[in-house]
Amino acid sequence: MIRVFLHGFSTGLFLQLAVGPVFFLVLQITLQRTPLDGFCSVAAVTMVDYFYIFLAVAGAGKLIDKSGAVPVFRLIGVGVLLIFGIIMLVSAMSMTSESVFLQGAPDYRSSFLSAFFLTITSPLTIVFWSGLFAAKAVEQGYTKHMLAIFALSAGFATFFFLGGSVLIISILKVSIPFQVVKVLNISVGVVVLLYGARRAMVVSGSWKQGRGG
């Protein structure tokens, strides 16, 4: 069972290396607020990941894939990404040294909810996890019990990776000049916007192919 746990953890950790908008949101929250705010956002992301992993293990991914709801979920995800990106970019552009000091006050509820909503608007994660678990069950010959351990450890990798990132950022933050913080925040907003635009292009391309078919 230890081998299964380590396999799931290493798989989940490898997937975390493909950083996306959620990672950058956690980065921004940690830079602008407190380390505990960062960990609140990590807790929210981990909670949603485990929720989707549970649904994937329960077979919800197959139902979503067959129901034809995938394009709707993709559209919702794109909308949320673009909105978050715009808000983050506008906020970063208007930052001043005084505002950074004020934003350093903790806001645990906001930190948790912003990360929660950004993560939960990607329900296609269920389909992804379902495919991954099905492949591992076949490749490794996992039983349901072993698959549950694999899923548990894969989800734990989210908390480990993001939590470690928050810890490192919190240590380095005190020595980062204001201008660097501002540039980092602007970069976060731009990355999320570009990611949303890229997803919009993918959704648009999928719809065109669907109509053409």
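The residues of the chain are indexed from 1 along the displayed sequence. As the structure is a computational prediction, the values presented were derived from the model and not from experiment.
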Counterpart residues, side-chain hydrogen bond (donor to acceptor under 3.5 Å, both in side chains), relative to Ser10 (two or more places apart):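 Here no residue qualifies.
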Sequence-distant partners of Thr30, side-chain hydrogen bond (donor to acceptor under 3.5 Å, both in side chains), two or more places apart: none
List in chain and number order the residues that pass side-chain contact (heavy atoms from CB on, under 4.5 Å) with [X], two or more places apart in sequence or in another chain; answer none if no residue qualifies.
X	result
Ala44	Phe112, Ala115, Phe116
Leu152	Tyr50
Ala148	none
Ala151	Ile53, Val57, Phe133

For Phe156, all residues meeting ring pair (Phe, Tyr, Trp, His ring centres under 6.0 Å), sequence neighbours excluded: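 Result, ring pair (Phe, Tyr, Trp, His ring centres under 6.0 Å) vs Phe156: Phe9.
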Are any of the side-chain heavy atoms of [X] and [Y] separated by less than 4.5 Å?
X	Y	value
Tyr108	Thr34	yes
Leu162	Thr46	no
Asp49	Phe159	no

Other residues, nucleotides, ligands: >12 heavy atoms within 6.0 Å of Phe160 CZ: no
Joint cluster assignment, Leu113 & Ile120, ILVMFWY side-chain distance < 4.5 Å: yes
Spacing of Leu36 atom CG and Ser170 atom OG [to the nearest 0.5 Å]: 9.5 Å
Value rounded to 0.5 Å, distance of CE in Met47 from OG1 in Thr158: 13.0 Å
Side-chain (Asp37) to main-chain (Asp107) donor-acceptor, under 3.5 angstrom: yes
Residue pair Gly163 / Phe39: nearest heavy atoms and the distance that separates them: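 Scanning both residues completely, I find the closest heavy atoms to be O-CE2, 3.6 Å.
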Ser114/Ile29 under side-chain contact (heavy atoms from CB on, under 4.5 Å): CA gap, chis, key distance, verdict: CA-CA 9 Å; Ser114 56; Ile29 288 173; 3.6 Å; yes
Audit row: Leu27, Ile169, side-chain contact (heavy atoms from CB on, under 4.5 Å) steps and yes/no: CA-CA 8 Å; Leu27 171 68; Ile169 294 168; 3.0 Å; yes
